[in-house]
Enquirer: 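Below are the structure tokens for one structure; questions will follow.
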Amino acid sequence: MKRHNYLFLILFSIIFLAACNDEEINNNDFAGNPVIKSETQFTGVRLGDSLAFTVEVSDEFPLSTLQVSLYFGDSKVAGKTVRIKENGKYSGKIYVPYFADIPDGTATLEFILQNTRLATAKQSYDVPVRRPDYPYLILVTKNAIYPMARKGLYQYAATELFPLELPAYIKTPVTDAAGNEIVFGWENGKITHGSTEYIPFASVQGGKYSITFNTKTYEASPFVSYLCNNTEMSRVNNDNFAIDLDLTQGQEIVFEGLNDIANWWVDSDFLTRVSDNTFKLVPIDGKYRITADLSMLYFRVEAMLGSDLATLQEDGTGAIWIIGDNIGKPSYLSNHVGWNTDKALCMSPIGGKKYQFTVVGGVSINKGDINFKFFHQKGWGGEFSNLSLTTSSDIIFVGDGTNGRDPGNLGIITPLELDENATYVFIVDVSGGINNAVLTVTKQ
């Protein structure tokens with residue numbers, strides 16, 4: 001037994017020594033002495049610049065990479081990797097990002113050199129960075145560009161005979177080889193850099209006025225706010241402003257600030273005009289989202305449940321939506337719904353678990369060819385088929401998959417068609433249950 005123990009100890013010692021030798025070899029993998037020396041003086045650097053650098057690198061072992069990083073405080077704001085083939089000088093550029101509000105200060109440019117044996121060397125340099133003071137800016141509209149003169153530090157203005165609404169973005173000039181064009185546009189309801197989406201500049205009065213912009217704070221003017229019942233409407237995008245309101249049937253709704261509202265199209269399913277800017281609510285009490293569509297010149301009204309758009313509930317309350325072809329408000333030609341769920345139309349809840357939709361032949365609905373259906377929500381999901389929707393209409397039929405329309409899709413009975421400019425009221429009644437809906441179509 002002792003002889004076996006001695007053999008075991010000898011074998012263990014050999015394995016241990018081999019492991020130690022392997023560790024020493026692995027440690028040698030990190031051998032080398034990488035050296036970095038900057039050939040650049042970092043002065044006159046501005047936000048938005050391409051910061052040029054030249055470094056000389058060397059090592060006794062083959063080099064691999066040079067990591068270049070730019071820090072604002074503790075935050076890394078830019079970085080790049082340079083592949084190193086041999087000792088010598090290497091040049092490159094790293095972008096200095098442009099941000100709102102931050103003051104002039106000192107950034108840190110960090111170089112990390114690594115050889116093929118994973119040994120590294122690090123060198124850091126202070127880089128004073130300031131916000132550029134441009135001699136001018138450029139205002140870009142769809143059809144023209146205008147110079148924005150410098151009015152003070154970071155403050156610029158263009159004064160011209162502008163229209164009431166002037167969608168535009170702003171860009172900077174490139175003043176030298178290190179500079180880059182910076183653009184300022186509209187995203188998520190505010191001005192930001194890096195976007196060319198039009199900023200919705202607008203004035204309450206046309207004629208000569210100034211567009212202003214501050215390149216530090218991103219403050220700009222002028223903008224027009226729109227009010228509904230003395231509450232400012234939220235900007236959805238350049239053409240749409242919305243507000244969510246709890247309303248009662250017959251309640252007056254007053255808009256302020258909208259141009260030429262007397263000539264806007266009015267959706268009779270939801271609103272009745274009292275005066276140029278005052279309307280009354282047609283459907284039952286509830287919460288509604290009212291969207292002022294400045295491009296189509298009408299108010300889109302949609303039923304809500306809580307903070308979300310309404311859906312059809314099991315008890316028949318809520319909302320019914322229309323998605324499909326050859327229908328749209330104010331006109332199916334100018335604002336075709338199609339199978340784009342974002343454009344689904346909300347039917348008006350008129351009470352008694354009935355939902356109404358009014359169309360005009362040849363205007364908001366195609367006279368001879370339709371192919372739309374009713375849904376439980378503004379999007380895909382629950383929908384009415386021929387098993388849950390029936391009609392006794394003498395002009396509209398419900399598809400069953402064999403009669404020229406998919407199940408639940410509506411069509412016009414051949415060879416009939418709707419009368420030009422005639423008004424038709426579609427009512428879906430779910431008082432008998434959402435799986436026993438009845439469609440009536442009445443010509444007024």
Enquirer: Taking the six-membered ring for Trp, are Phe53 and Phe111 ring centroids under 6.0 Å apart?
Expert: yes
Enquirer: Hey, is the main chain of Gly79 close enough, under 3.5 Å, to the side chain of Tyr95 for a donor-acceptor pair?
Expert: no
Enquirer: Tyr218 and ring pair (Phe, Tyr, Trp, His ring centres under 6.0 Å): which single residue from Tyr156, Phe99, Tyr154, Phe184 fits?
Expert: Phe184
Enquirer: Determine whether the side chains of Thr442 and Gln444 contain a donor N or O and an acceptor N or O closer than 3.5 Å.
Expert: no
Enquirer: Taking Leu333's backbone N and O only, do any of them form a donor-acceptor pair with Ser331's side chain (distance below 3.5 Å, no angle check)?
Expert: yes
Enquirer: Which residue is it: Asn403, Asn386, Asn371? I am looking for the one with a side-chain hydrogen bond (donor to acceptor under 3.5 Å, both in side chains) to Asn409.
Expert: Asn371
Enquirer: Would Arg131 and Asp104 satisfy salt bridge (Lys or Arg N to Asp or Glu O under 4.0 Å), going step by step from the backbone distance to the final call?
Expert: CA-CA 6 Å; Arg131 186 174 299 275; Asp104 297 349; 5.5 Å; no
Enquirer: Counting only heavy atoms from other residues, nucleotides and ligands, does the tally under 6.0 Å from CG of Asp260 exceed 12?
Expert: yes
Enquirer: Counting N and O atoms only, with roles assigned by atom type, does the side chain of Arg405 sit under 3.5 Å from a partner on the main chain of Gly408, one being a donor and the other an acceptor?
Expert: no
Enquirer: Is any NZ, NE, NH1 or NH2 atom of the basic residue among Lys378 and Glu302 found under 4.0 Å from an Asp or Glu carboxylate oxygen of the other?
Expert: yes
Enquirer: Would one find more than 12 heavy atoms of other residues, nucleotides or ligands at under 6.0 Å from atom CD of Glu420?
Expert: yes
Enquirer: What verdict does the side-chain contact (heavy atoms from CB on, under 4.5 Å) test give for Ile243 and Thr291, after you've listed the backbone C-alpha separation in whole Å, the side-chain angles of each residue and the deciding distance to 0.1 Å?
Expert: CA-CA 7 Å; Ile243 189 168; Thr291 302; over 6 Å; no
Enquirer: So, do Lys171 and Val183 sit near enough that their side-chain heavy atoms are less than 4.5 Å apart?
Expert: yes
Enquirer: Go through Ser234 and Val236 one step at a time and tell me if the side-chain contact (heavy atoms from CB on, under 4.5 Å) criterion holds.
Expert: CA-CA 6 Å; Ser234 300; Val236 178; 5.8 Å; no
Enquirer: Is it true that Lys216 and Asp101 make a salt bridge, defined as a side-chain N closer than 4.0 Å to a carboxylate O?
Expert: no
Enquirer: Examine distances only and state if a side-chain atom of Ser388 and a backbone atom of Ser385 form a donor-acceptor pair shorter than 3.5 Å.
Expert: yes
Enquirer: Should the pair Lys353-Asp429 be classified as a salt bridge under the 4.0 Å nitrogen-to-oxygen rule?
Expert: no
Enquirer: Please report the interatomic distance OG1(Thr248) to NZ(Lys280), rounded to the nearest 0.5 Å.
Expert: 10.5 Å
Enquirer: For Gly179 versus Asp49, what's the shortest heavy-atom pair and its separation?
Expert: CA-OD1, 3.6 Å
Enquirer: Are Asp246 and Lys287 within salt-bridge range, i.e. N to O under 4.0 Å?
Expert: no
Enquirer: Between Thr358 and Asp269, does any side-chain donor sit less than 3.5 Å from a side-chain acceptor?
Expert: yes
Enquirer: Without hydrogens or angle criteria, can the side chains of Lys343 and Asn335 be said to hold a donor-acceptor pair below 3.5 Å?
Expert: yes
Enquirer: Will you find, in the side chains of Gln114 and Thr120, an N or O donor that is under 3.5 Å from an N or O acceptor?
Expert: no
Enquirer: Side chains of Thr175 and Arg46: any donor to acceptor distance under 3.5 Å?
Expert: yes
Enquirer: Kindly compute the distance separating OH (Tyr288) from CG (Leu271), expressed to the nearest 0.5 Å.
Expert: 10.5 Å
Enquirer: Look up atom CD1 in Ile320 and atom NZ in Lys354, then write down how far apart they are to the nearest 0.5 Å.
Expert: 12.5 Å
Enquirer: Thr116 and Ser64: side chain to side chain donor-acceptor pair (under 3.5 Å), yes or no, with the steps?
Expert: CA-CA 5 Å; Thr116 56; Ser64 174; over 6 Å; no
Enquirer: Should we say atom CD of Gln155 is surrounded by more than 12 heavy atoms from elsewhere, each under 6.0 Å from it?
Expert: yes
Enquirer: Restricting to non-hydrogen atoms, name the atom on Leu389 and the atom on Val398 that form the minimum distance, rounded to 0.1 Å.
Expert: O-CG1, 4.0 Å
Enquirer: With a 3.5 Å cut-off and no angle check, do the side chains of Thr141 and Asn143 form a donor-acceptor pair?
Expert: no
Enquirer: Side chains of Lys208 and Glu160: closer than 4.5 Å at any heavy-atom pair?
Expert: no
Enquirer: Quick check against the 3.5 Å criterion: does Thr172 have a side-chain atom that pairs as donor or acceptor with the backbone of Leu137?
Expert: no
Enquirer: Compare every heavy atom of Asp293 with every heavy atom of Ser295, then report the nearest pair and how far apart it is.
Expert: OG-OD1, 2.7 Å
Enquirer: Would you check if Asp267 and Phe279 make a side-chain contact, meaning some heavy-atom pair closer than 4.5 Å?
Expert: no
Enquirer: Parallel, tilted or perpendicular: which describes the rings of Phe223 and Trp186, with under 30° parallel and over 60° perpendicular?
Expert: tilted
Enquirer: Side chains of Leu439 and Phe374, heavy atoms from C-beta outward: is any pair under 4.5 Å?
Expert: yes
Enquirer: Give a yes or no answer on whether the side chain of Lys80 reaches the backbone of Lys93 with a donor-acceptor pair at less than 3.5 Å.
Expert: yes
Enquirer: Within a strict 4.5 Å, meaning less than it, do heavy atoms of the Ile395 and Ile412 side chains meet?
Expert: yes
Enquirer: How about Trp264 and Phe299: are their ring centroids closer than 6.0 Å?
Expert: yes
Enquirer: State, without any angle test, whether Asn366 and Asp369 hold a side-chain donor-acceptor pair at a distance under 3.5 Å.
Expert: no
Enquirer: Minimum heavy-atom separation for Ala437 and Phe384, please, with both atom names.
Expert: CB-CE2, 3.5 Å
Enquirer: Looking at the rings of Phe162 and Tyr209, which for Trp means the six-membered one, are their centres under 6.0 Å apart?
Expert: yes
Enquirer: Treating Thr278 as the side-chain partner and Val274 as the backbone partner, does any N or O pair qualify as donor plus acceptor under 3.5 Å?
Expert: no
Enquirer: Tell me if a side-chain donor or acceptor on Thr391 pairs with a main-chain N or O of Ser393 at a distance below 3.5 Å.
Expert: yes
Enquirer: Should Tyr424 and Ile396 count as side-chain neighbours, where that means a heavy-atom distance under 4.5 Å?
Expert: no
Enquirer: Counting only heavy atoms not in Ile413 (residues, nucleotides, ligands), do more than 12 fall under 6.0 Å from its CD1?
Expert: yes
Enquirer: Would you find a donor on one side and an acceptor on the other, under 3.5 Å apart, between the side chain of Asp325 and the backbone of Phe372?
Expert: no
Enquirer: Given 3.5 Å as the limit, does a donor-acceptor pair link the side chain of Thr217 with the main chain of Glu219, or not?
Expert: yes
Enquirer: Rounded to the nearest 0.5 Å, how far does NZ of Lys151 lie from OG1 of Thr159?
Expert: 6.0 Å
Enquirer: Do you know which two heavy atoms are closest between Thr54 and Thr40, and how far apart they sit?
Expert: N-OG1, 2.8 Å
Enquirer: With a 3.5 Å cut-off and no angle check, do the side chains of Gln249 and Asp285 form a donor-acceptor pair?
Expert: no
Enquirer: Please lay out, stage by stage, how Trp380 and Trp339 fare under the test side-chain contact (heavy atoms from CB on, under 4.5 Å).
Expert: CA-CA 10 Å; Trp380 308 124; Trp339 299 101; 4.0 Å; yes
Enquirer: If only side-chain N and O atoms count, and only distance matters, is there a donor-acceptor pair under 3.5 Å linking Asp400 with Thr402?
Expert: yes
Enquirer: Less than 4.5 Å apart, any side-chain heavy atom of Val428 and any of Met347?
Expert: yes
Enquirer: Could you pull out the closest heavy-atom pair between Ser334 and Met296, with the gap in Å?
Expert: O-CE, 3.2 Å
Enquirer: If you apply the rule side-chain contact (heavy atoms from CB on, under 4.5 Å), what do you find for Val425 with Gln356, and how did you get there?
Expert: CA-CA 7 Å; Val425 179; Gln356 176 176 297; 3.6 Å; yes
Enquirer: Please tell me whether Ser124 and Thr108 have a donor and an acceptor in their side chains that are separated by less than 3.5 angstrom.
Expert: no
